[in-house]
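So the structure is just underneath, and the comments pick up after that.
The model shown is predicted, which means the values in this text are computed figures rather than measured ones. So that the names make sense, note that chain A is the first sequence line, chain B the second, and so on, each numbered from 1.
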Amino acid sequence: MKLVTAIIQPDKLDEVRESLIEAEIYRITVSRCTGRGRAEETDLYRGQEIAPALVSKIRLDIACNDDFVEIAIQAILKAAKHDSGQIGDGKIFVTPLEQCIRIRTEERGNDAI
Amino acid sequence: MKLVTAIIQPDKLDEVRESLIEAEIYRITVSRCTGRGRAEETDLYRGQEIAPALVSKIRLDIACNDDFVEIAIQAILKAAKHDSGQIGDGKIFVTPLEQCIRIRTEERGNDAI
Amino acid sequence: MKLVTAIIQPDKLDEVRESLIEAEIYRITVSRCTGRGRAEETDLYRGQEIAPALVSKIRLDIACNDDFVEIAIQAILKAAKHDSGQIGDGKIFVTPLEQCIRIRTEERGNDAI
Amino acid sequence: MKWNLHRPLGALFGLVVMGSTTAGASETYPIDTGTTAWMLTSTAFVLLMVPGLAMFYGGLVRTKNVLGTMLHSFAAMAIIGVLWVVCGYAMCFGATRGWIGWDNSFFLLSGIDHGPNAYYQIEVNGATKYIPHLVFAMFQGKFAIITPALIAGAFAERVRFRGYCIFIALWSLLVYNPLAHWVWGGGFLTGKAIDFAGGTVIHISAGVAGLVTALYLGKRRGYPLATMTPNNLVMTLMGAGLLWVGWFGFNAGSSVSSGLLTAQALTVTQTAAAAGALTWMVLEALLHKKATSLGLVSGILAGLVVITPAAGDVMPGGAIVLGILASIICYGAINLKSKLGYDDSLDVLGIHGVAGIVGAVGLTFFLRSVPDHGFGLQLWYQIEGVLVSMTYAAIGTLILCVLVEKVFGFRLKKEDEMAGMDHSLHSEHGYGLLNLN
Amino acid sequence: MKWNLHRPLGALFGLVVMGSTTAGASETYPIDTGTTAWMLTSTAFVLLMVPGLAMFYGGLVRTKNVLGTMLHSFAAMAIIGVLWVVCGYAMCFGATRGWIGWDNSFFLLSGIDHGPNAYYQIEVNGATKYIPHLVFAMFQGKFAIITPALIAGAFAERVRFRGYCIFIALWSLLVYNPLAHWVWGGGFLTGKAIDFAGGTVIHISAGVAGLVTALYLGKRRGYPLATMTPNNLVMTLMGAGLLWVGWFGFNAGSSVSSGLLTAQALTVTQTAAAAGALTWMVLEALLHKKATSLGLVSGILAGLVVITPAAGDVMPGGAIVLGILASIICYGAINLKSKLGYDDSLDVLGIHGVAGIVGAVGLTFFLRSVPDHGFGLQLWYQIEGVLVSMTYAAIGTLILCVLVEKVFGFRLKKEDEMAGMDHSLHSEHGYGLLNLN
Amino acid sequence: MKWNLHRPLGALFGLVVMGSTTAGASETYPIDTGTTAWMLTSTAFVLLMVPGLAMFYGGLVRTKNVLGTMLHSFAAMAIIGVLWVVCGYAMCFGATRGWIGWDNSFFLLSGIDHGPNAYYQIEVNGATKYIPHLVFAMFQGKFAIITPALIAGAFAERVRFRGYCIFIALWSLLVYNPLAHWVWGGGFLTGKAIDFAGGTVIHISAGVAGLVTALYLGKRRGYPLATMTPNNLVMTLMGAGLLWVGWFGFNAGSSVSSGLLTAQALTVTQTAAAAGALTWMVLEALLHKKATSLGLVSGILAGLVVITPAAGDVMPGGAIVLGILASIICYGAINLKSKLGYDDSLDVLGIHGVAGIVGAVGLTFFLRSVPDHGFGLQLWYQIEGVLVSMTYAAIGTLILCVLVEKVFGFRLKKEDEMAGMDHSLHSEHGYGLLNLN
Ligand SMILES: Nc1ncnc2c1ncn2[C@@H]1O[C@H](COP(=O)(O)OP(=O)(O)O)[C@@H](O)[C@H]1O
Ligand SMILES: Nc1ncnc2c1ncn2[C@@H]1O[C@H](COP(=O)(O)OP(=O)(O)O)[C@@H](O)[C@H]1O
Ligand SMILES: Nc1ncnc2c1ncn2[C@@H]1O[C@H](COP(=O)(O)OP(=O)(O)O)[C@@H](O)[C@H]1O
């Protein structure tokens with residue numbers, strides 16, 4: 001099992017979610033965050049040691065079985081881009097997930113995803 | 001070391017925290033998130049490709065030594081259920097934790113948890 | 001690749017970010033959270049099974065290549081302490097990162113960090 | 001030397017020079033300072049309803065649309081605020097030309113700024129007194145501002161800002177002004193239907209216009225399957241508080257006096273609002289075991305709307321009954337909407353339209369004194385007023401909808417709606433606090 | 001034809017027809033439009049205090065209780081708003097029957113809606129004038145609404161909504177109305193203790209009731225070990241601003257005039273509030289090196305409360321001293337609370353009760369003119385008023401607490417308290433914006 | 001027995017006893033209750049501008065500074081609120097001594113609290129009437145409070161609270177009071193420049209003081225490279241709404257009457273605000289294809305400021321032109337600031353200063369009637385007033401800046417600025433709701 005974490009632009013949230021649903025991925029956890037990506041812009045500030053302003057982003061966490069990882073990634077890539085990709089469009093991170101438990105039933109593992 | 005991440009219902013936060021404290025787990029990080037679990041309901045919207053509304057949830061992150069993982073899980077399971085388990089009661093995820101550092105003392109590893 | 005997650009005091013956010021920039025780490029994701037660390041204080045409440053109040057914190061997530069992990073940690077340690085370290089100054093967690101994808105370009109791996 | 005208004009107090013108790021260019025006018029047209037004071041205050045209170053409405057509506061939409069929704073109210077203040085001075089007052093209250101009124105001297109309010117027409121005659125304690133004509137014009141102007149702002153609740157979260165601005169400008173000129181002229185300004189309904197402070201002209205017309213626009217523009221994406229949680233009920237409560245306060249100006253100011261009638265209007269306004277709120281609370285407690293804050297404020301609004309046409313003519317007991325009826329019927333209407341499935345986002349028809357009708361017709365049963373021509377005829381006048389207002393508002397609104405949609409674009413594009421109005425239309429975010437800034 | 005209020009302006013400067021059913025009444029009972037205007041305005045300003053209080057209190061509780069807390073104020077507006085019209089005014093200001101007053105014609109305010117009793121006599125510049133009786137009744141009604149809403153701060157975050165509603169209804173009928181009758185309405189304290197705008201009747205009685213309910217209902221779960229951070233100090237500041245503005249209506253309106261006394265009351269209200277705020281700020285700066293916003297607004301409130309009983313009778317210099325005293329003593333009282341350990345959540349006793357007592361007793365030392373019966377006797381009258389109010393409020397509140405708790409349930413269940421009132425009692429959330437919606 | 005104000009209603013329609021100690025004064029100095037009512041109301045409305053400003057400014061800074069910024073307004077209410085009563089009114093409106101005025105009897109307002117000086121003469125309908133002198137003093141006091149609070153926007157997010165408090169106290173005593181004395185209180189500019197409600201004294205002086213402090217204290221850390229997102233534009237909109245309402249008191253109250261002039265002032269205030277808002281909206285739509293909410297409220301403010309000096313002397317048409325001009329020129333000025341790079345955080349100069357100047361000079365072109373001494377001389381008077389105000393404010397502010405910085409510390413320390421004022425100066429957080437609490 002893996003945890004797919006995507007940082008996307010807030011205005012793309014609905015589109016990404018619909019894209020995921022189309023890919024039959026329904027379960028999801030979403031939260032607000034802020035971030036700074038693109039190196040070029042931050043370079044500007046370096047001489048002054050000034051922290052660049054943070055930009056608001058959305059974080060999606062999707063726990064999924066191994067064979068769904070690529071499906072999830074593709075669904076996100078498809079919907080999260082502005083035009084054919086703009087700076088700030090975000091990142092996807094994949095981390096290992098050792099265990100998953102459904103609180104309601106106490107099921108564990110792949111079935112609980 | 002592991003990172004135990006639980007997504008629970010907001011109204012259960014205090015009960016879960018008290019249950020953890022009873023199990024001698026004091027250190028914890030909490031944040032707001034929203035989520036969508038139960039597949040059945042989202043199915044409804046599919047035909048229309050509509051993203052279902054997100055529901056507010058609480059996310060708990062607990063870094064703990066390996067032998068505390070099961071204790072933490074049980075404490076959460078005990079307190080997070082509505083009655084004997086309802087849809088929306090949440091999930092627990094366990095991910096590996098490679099390093100843990102206490103900023104104050106710069107201690108590392110198990111002692112820093 | 002690793003994911004370095006730091007929980008710090010809110011008033012230190014700007015200083016930590018400037019310290020990271022000095023260490024040439026620009027890309028970062030930041031979010032609000034609340035937490036409870038120091039065991040001693042929570043002990044007080046135990047007899048009464050009362051959940052102690054949560055304290056507001058900031059969470060930094062930094063995905064970085066393996067050779068940058070220690071650099072990031074040192075940059076954070078340097079800037080996040082009040083005086084020479086006070087209770088509440090926070091924690092750093094390091095977790096493995098299996099994959100990283102830049103949405104804009106669809107690059108993967110080390111280059112996408 | 002009129003510019004020396006703040007006289008030197010060194011010469012204590014010197015003479016304050018008149019600010020009017022018509023020296024001597026004050027003797028000929030004695031101002032009643034008390035009535036003037038209340039009308040000035042009422043005007044300010046009604047203005048307070050605009051931010052109040054912005055807060056009320058703004059709190060009910062989703063986070064991504066909060067500024068866009070509040071701007072609907074503020075833009076009305078800007079646009080109609082100018083239009084009213086330029087020509088709105090002339091169209092409503094100028095000498096009747098049938099469909100509208102007109103008076104050249106009302107253009108830019110220049111003819112009533114000074115000179116004999118600057119004085120508006122009232123009766124105080126049986127004597128003839130005057131208030132400045134301008135204060136009446138400004139008081140009425142606030143009504144013209146608030147009406148289109150009310151409609152905006154029906155199509156919240158899904159219109160373009162430019163289209164909206166053009167729509168309300170045209171709606172104000174072509175729907176509101178004629179209606180106000182007919183009922184209040186000397187048109188063919190004047191003196192027939194009782195509409196003390198605008199049940200017909202304001203709330204029913206806004207409610208019907210809301211329904212028409214909501215139907216024409218279609219549902220929000222996802223409605224009704226996806227629940228759309230209010231982003232800030234706390235702000236909605238604050239807004240309701242300001243609306244209640246502002247409504248005192250709205251209703252009690254409509255007496256254009258500062259006397260018994262004014263007090264009667266204020267009393268029934270307060271009473272109906274409380275009765276409406278209490279009723280909705282009790283209804284929810286009985287039906288769902290839980291009273292909600294949104295319910296309570298909906299009850300407040302229903303009570304305030306129902307008493308608006310009736311404020312000068314019913315007694316406190318009648319106000320209680322009307323408040324109760326309004327909440328019950330509006331509650332039913334809103335539940336019916338969920339069944340019918342059209343998307344009147346913030347229930348402009350369900351509250352303003354329905355309670356306005358209940359008030360306009362229902363007041364006949366609680367009149368302090370039945371007019372000489374009898375109860376039946378009056379009831380007919382009331383119904384006639386409602387029907388005229390509904391028909392005219394519906395047709396006018398539909399035409400404008402089509403026009404604005406075809407020529408300028410009214411409905412928001414799909415991606416812009418998904419991204420949210422604040423981002424796509426205004427490039428701003430309501431709550432920077434949500435992100436670390 | 002009274003319904004034709006907005007006369008056709010086509011016939012420019014035609015006659016506005018009277019809205020009163022008693023033709024000719026205006027000559028017999030000449031209305032003073034200026035005083036009426038100020039009383040109408042005051043009534044609106046005092047109403048503004050209700051959302052102001054909801055914001056003030058709402059901002060101080062935890063996020064999960066914000067709506068529930070604000071609803072306490074809004075529910076008072078709904079419940080007492082109706083009760084006052086039905087029987088409250090009659091009980092307070094009807095002819096005295098000892099414990100309460102009563103006047104059949106005040107039932108539903110029907111007897112004062114029109115006819116000779118609709119005119120309330122005042123003196124203006126030595127001449128006899130009238131204001132509408134209704135406006136006085138409504139102004140007083142706002143006081144009746146705000147008092148139970150104040151108490152709610154003492155047991156914030158831990159009561160059931162149903163129990164609360166029943167409690168305030170009974171408290172208003174059985175505690176507030178008799179007290180108001182005794183002090184203002186012709187009861188046995190009338191004409192003895194100076195209580196210009198309600199220090200005794202409102203703030204002391206609310207403070208004591210707050211203490212009793214807080215003690216009876218017990219502490220919030222976790223208090224005082226877990227710190228309970230305010231969810232929205234920003235809103236608390238806004239609320240404090242509205243309360244300050246509203247208090248001008250509260251105090252200056254209590255003069256039932258629009259003249260020198262009114263201006264005196266407004267001046268000392270402004271002055272005492274500023275002095276209270278400044279003192280609290282300086283106190284904190286001296287003791288903690290940091291002035292807080294909560295401290296500043298507490299000082300505002302302390303200053304406003306202390307001057308309430310005194311507003312008509314002390315000079316600005318006295319107001320400054322009273323404001324300073326109030327802040328110092330309230331500051332001490334709140335620190336004492338922390339030591340004593342009872343949970344008066346939002347310091348209703350510590351601010352309203354204590355500053356009310358300081359004001360009621362302290363005003364004697366700063367009177368503009370000492371009454372003929374001498375300083376000593378007046379001081380006794382003041383103390384007597386305070387003691388009667390405290391005793392009666394304490395006993396009445398205790399009985400009602402027991403009754404409501406046993407019969408309907410008052411204290412919230414443990415799980416509901418942990419989950420928060422908004423979720424468990426109202427199924428709503430104050431700030432949808434916190435979650436993606 | 002003046003303390004028995006709430007007469008027993010048992011004895012229905014008994015006599016209300018006078019609250020004044022000077023029995024008989026009412027016959028000699030007949031109060032005009034209507035004008036008094038409006039002045040009382042205006043005073044309350046202007047007070048509403050203080051929380052309005054706190055909300056407006058508070059919403060525009062970053063989350064970590066929201067309380068600190070709001071406290072700037074509230075602290076002005078506390079500090080100047082007391083100072084004004086103690087000596088401010090005497091300094092502004094006492095008999096002129098050249099630089100300032102003074103009148104011993106104005107100390108603590110004791111001489112105008114009662115006795116013959118308690119009555120302030122006005123003319124109503126050609127007859128001599130009075131209002132309580134105190135109400136004029138309190139009305140003016142609100143102006144004195146709001147002016148330093150305005151300046152605070154220029155150095156938002158980077159000053160120490162103690163330094164700020166001392167700065168505004170001194171600024172009020174040494175800059176505002178003399179200026180107000182010169183223009184309104186009998187000083188050397190009185191009767192020359194038209195400044196109806198304080199364009200010169202308030203907005204220009206605040207704007208210039210803002211520029212000087214912003215330059216002296218330097219930029220915020222990171223400005224202009226790091227964008228500083230507003231934490232709560234929603235609250236800024238609410239604040240703008242309250243400011244608009246409050247400004248009716250500000251301008252229309254400055255007529256010290258309740259008649260035609262008052263209505264004229266209210267009308268142009270409303271009109272210029274709407275025109276300003278509309279213009280800014282259109283400008284942004286043309287230049288950026290997107291109207292913003294911050295733009296709209298900036299336009300409101302620009303319109304309100306520009307009409308402030310002119311409110312009594314221009315007609316609605318002129319108000320529209322002035323509103324349009326103000327928005328265009330302020331828009332340009334703010335863009336220029338970005339180029340020049342100084343950090344007037346919330347554009348005190350760019351809006352208040354610039355629109356104030358546009359209004360003070362521009363009004364000459366739209367006067368309802370040109371004074372006898374001719375257009376040219378009046379234009380010079382206007383320019384002279386502006387120049388005097390700018391020069392005096394600039395020099396006075398600079399001296400105070402240096403003094404406060406050297407002696408008490410004004411600029412915030414680097415770490416404190418990074419951590420935020422709320423944390424480092426007040427140990428509080430504006431929005432507890434952001435964290436689970
Ligand atoms: N290495 C990283 N670690 C943590 N977060 C990152 C990292 N890189 C990007 N992000 C997050 O992704 C968001 C979008 O980044 P973006 O500007 O699209 O990245 P890039 O510069 O790689 O195109 C950033 O605002 C930040 O929140
Ligand atoms: N696979 C998943 N990935 C990410 N988050 C999940 C996943 N499954 C559940 N969640 C989170 O847990 C919350 C509760 O889910 P719940 O409805 O109880 O799950 P289930 O349908 O398995 O019973 C969801 O709102 C969501 O935030
Ligand atoms: N074991 C843990 N699991 C999750 N979060 C933790 C843990 N330990 C600390 N934290 C987070 O770090 C924050 C700061 O902890 P701190 O009080 O500095 O830790 P310590 O007691 O180890 O010095 C806490 O508020 C909490 O959010």
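Residue E:M39: no heavy atom, backbone or side chain, is found under 4.5 Å from chain D. For a residue to count as touching a neighbouring chain, one of its non-hydrogen atoms must lie under 4.5 Å from one of that chain's; by this rule D:L237 touches chain E with backbone and side chain alike. For E:Y431, the parts sitting under 4.5 Å from any heavy atom of chain D are the backbone and the side chain alike. Both the backbone and the side chain of D:A275 come within less than 4.5 Å of a heavy atom in chain E. Residue contact with chain D, scored on non-hydrogen atoms closer than 4.5 Å, involves the side chain of E:M55 exclusively. At a 4.5 Å heavy-atom cutoff, the contact between D:T229 and chain E is made by backbone and side-chain atoms alike. If you measure heavy-atom distances from D:W247 to chain E, you find no contacts under 4.5 Å at all. For E:A54, no part lies under 4.5 angstrom from a heavy atom of chain D. If you measure heavy-atom distances from D:M281 to chain E, the contacts under 4.5 Å come from the side chain alone. Looking at D:L294, both its backbone and its side chain come within 4.5 Å of chain E, counting heavy atoms on both sides.
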side-chain contact (heavy atoms from CB on, under 4.5 Å) between E:L40 and D:F248, worked out
CA-CA 9 Å; E:L40 292 163; D:F248 280 4; over 6 Å; no
For side-chain contact (heavy atoms from CB on, under 4.5 Å), just list the numbers for D:V234 and E:M70, CA-CA rounded to whole Å, side-chain angles, deciding distance to a tenth of an Å, and then say yes or no.
CA-CA 8 Å; D:V234 165; E:M70 293 181 81; 3.8 Å; yes
Begin from the C-alpha positions of D:W244 and E:F74 and carry the test side-chain contact (heavy atoms from CB on, under 4.5 Å) through to its verdict.
CA-CA 11 Å; D:W244 190 328; E:F74 278 85; 5.7 Å; no
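When the candidates E:A75, E:G81, E:P51, E:A78 are compared by the number of heavy-atom contacts under 4.5 Å with chain D, E:A78 comes out ahead. The candidate from D:G295, D:A319, D:G246, D:A291 with the greatest count of non-hydrogen atom pairs under 4.5 Å with chain E is D:A291. Options D:T262, D:T292, D:L278, D:D32 differ in how many heavy-atom pairs under 4.5 Å they form with chain E, and the most are formed by D:T292. Ranking D:L296, D:T236, D:T279, D:L433 against chain E, the residue ahead of the rest is D:L296, based on heavy-atom pairs under 4.5 Å. The choice from E:G52, E:A137, E:S424 that makes the most heavy-atom pairs within less than 4.5 Å of chain D is E:S424. Across D:A277, D:A285, D:P316, the residue that shares the most heavy-atom pairs under 4.5 angstrom with chain E is D:P316. Taking chain D as the reference chain and counting heavy-atom pairs below 4.5 Å, the highest number among E:N435, E:L71, E:I112, E:V135 is found for E:L71. Contacts with chain E were tallied for D:L434, D:T41, D:T35; D:L434 has the most, counting heavy-atom pairs under 4.5 Å. Per-residue counts of heavy-atom pairs under 4.5 Å with chain D were compared for E:L242, E:V86, E:V85, E:L109; the largest is that of E:V85.
In this structure, the separation between CG on E:L436 and CZ on D:R62 is 12.0 Å, given to the nearest 0.5 Å. We find the OG-CD distance between E:S427 and D:E284 to be 10.0 Å, quoted to the nearest 0.5 Å.
Side-chain atoms of D:S258 come within 3.5 Å of backbone N or O of E:A37 as a donor-acceptor pair. Proximity of a side-chain donor or acceptor of E:E428 to a complementary backbone N or O of D:S293 within less than 3.5 Å is detected. At least one donor-acceptor pair closer than 3.5 Å links the side chain of D:Q264 to the backbone N or O of E:D113.
Looking at heavy atoms from C-beta onward, D:T271 lies out of side-chain contact with E:W84 at the 4.5 angstrom threshold. Between D:Q270 and E:I145 there is a side-chain heavy-atom pair separated by less than 4.5 Å. When side chains are defined from C-beta on, D:W38 does not count as touching E:T36, because their heavy atoms never get closer than 4.5 Å. Two residues are said to be in side-chain contact when any heavy atoms from C-beta on lie closer than 4.5 Å; E:V50 and D:V245 fail this criterion. Counting heavy atoms from C-beta on, the side chains of E:M138 and D:L266 come closer than 4.5 Å.
In plain terms, the two heavy atoms of E:H423 and D:K290 that are nearest each other are O-NZ, 3.7 Å. For D:L260 against E:I31, the heavy-atom pair with the smallest separation is N-CD1, 4.4 Å.
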